[in-house]
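Every value quoted in this text rests on a predicted model; they were computed, and no experiment measured them. Count residues from 1 along the sequence.
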Amino acid sequence: MGDRFFPNIMPDFVTEVAETPTHEQEEEEAEEESGGDSLLKLLSMPYSLVSMQFQRAALDLKETIVMETWGLSGQNVQDFTLYCGTLGTAFLLFKSYQVTNNKNDLSLCLQVVKACDSASASSRDVSFICGRSGVCALGAVAAKHTNDKALQDYYLDQFRQVELSKNHPDELLYGRSGYLWACLFLNKHTGEEAIPYTTIRAVTSEIIRHGRNLTEKGGSPLMYEWYGERYWGAAHGLAGIMHVLMDVQLEMDEVEDVKGTLKYMIKNRFLSGNYPASEADCKTDCKTDVLVHWCHGAPGIALTLAKAAKVFEDDEFLQAAVDAAEVVWDRGLLKRVGICHGISGNTYVFLALYQITGRIEYLYKAKSFASFLLDRAHRLISAGQMHRGDNPYSLFEGCGGMAYLFLDMIDPSKSKFPAYDL
């Protein structure tokens, strides 16, 4: 397992340097506290200073990503998706606009979305992360911010033409849950019922019905398959589907099914506190206890459990999220930078727990993982000790996710895992 992650030798907590009259004095004191170690210096530095470094790094990365994915491509979109493609660049630009209010980022975001619109026109994929609905939803929301009503209406009309079929799966990356998330994203950010409740209710009912059809005696109240596997994680399985369902108005029996599904997962987790990638892994030994990713394993499930603790006000879910976060702290410094299966995505576990509990230890742990990336990612990648991602500038696999995380670290109380948290 050790070849998947770096040993976490960072202290469990480092007290930040006390306030001093000038930034120069603060940095000098942090240097003394760290003994010259650049990572420890970041950990002991006041958050106000570290957040400035995160912002500078994020904006520099953004410029590089835009150049590599848009400027050098001749604006020729090969992969339109948010996951590994050009829409991820648009989403990062929109995030940058939200943080800095830089109108140029918003304008460029819409240019990128326009190209993705053309490239995705014939796509039958329906989800936000990997399908046509993500292009149309982001386009409508970005157009609203420019007060371009005609363009907003165009993307809304295109969104409404996306068709779900009985062949679509229920998972997040390609299926109904991903489409449902796009509907919720649109309604939240347009401030109106762009997608009517009847549509949302119909999709929700279908997801619940499918989940009940695969239940077995003594098993989870809801269960789903993707390519024949009954996955548990955020990308293709139970955690991702439950995460989206908790943003929808559910019937009482549906609420109990969601809660029961999560409690089933907690009951059947590995002894280590990590979670199986699939239902089949529950019946195997610890050799399958290897994945500590957002897509499979404790990180994505921890985010869903943390959300359940807030939505249902249930301490069992909070304790389970805390337990999963310990796994992430111990084994989550992955040798990858990305959101899906890298350090950037794993950092959001601590941000979520910080928002729910207000406990400074979780902010420190988020700061630690992000600081590890800030201090060492480029050097480790250059040395061949860290993977830059098969699509190195993408949002979910590459440094696009790292840039997004750094932007979220500026105000951690408002951070949201991209295309997962509304």
When you check the side-chain N and O atoms of R132 and Q158, is any donor under 3.5 Å from an acceptor? yes
Testing the 3.5 Å rule here: is there a donor-acceptor pair between the side chains of S371 and Y364? no
Give me the ring orientation class for Y174 and H236: parallel if the planes are under 30° apart, tilted from 30 to 60°, perpendicular past 60°. parallel
If we only count heavy atoms from C-beta on, is the S368 to L43 side-chain gap below 4.5 Å? yes
Would you say the side-chain atoms of S96 pair up with the backbone N or O of L92, donor to acceptor, closer than 3.5 Å? no
Establish, yes or no, whether a centroid distance under 6.0 Å links the rings of H145 and F94. yes
Side-chain donor-acceptor pair present, S205, R201, cut-off under 3.5 Å: yes
Parallel, tilted or perpendicular: rings of F369 and F350 (30°, 60°): perpendicular
Presence of salt bridge, E326 and K365, under 4.0 angstrom: yes
Is a side-chain N or O of T215 found less than 3.5 angstrom from the main chain of G211, in a donor-acceptor match? no
Going through the distances and angles, do D257 and R212 end up as a salt bridge (Lys or Arg N to Asp or Glu O under 4.0 Å)? CA-CA 9 Å; D257 280 353; R212 287 171 174 170; 2.6 Å; yes
Carefully, step by step, assess D247 and K307 under the rule salt bridge (Lys or Arg N to Asp or Glu O under 4.0 Å). CA-CA 10 Å; D247 281 316; K307 184 173 183 176; 2.5 Å; yes
Results of ring pair (Phe, Tyr, Trp, His ring centres under 6.0 Å) for F406 - residues two or more places apart only: F54
Excluding sequence neighbours, so at least two apart, what forms side-chain hydrogen bond (donor to acceptor under 3.5 Å, both in side chains) with Y154? D117
Can you name the residues that form a side-chain hydrogen bond (donor to acceptor under 3.5 Å, both in side chains) with K95, not counting sequence neighbours? D408
Look up atom CG in L186 and atom CH2 in W181, then write down how far apart they are to the nearest 0.5 Å. 9.5 Å
Among F396, F185, W294, whose ring pair (Phe, Tyr, Trp, His ring centres under 6.0 Å) with Y420 holds? W294
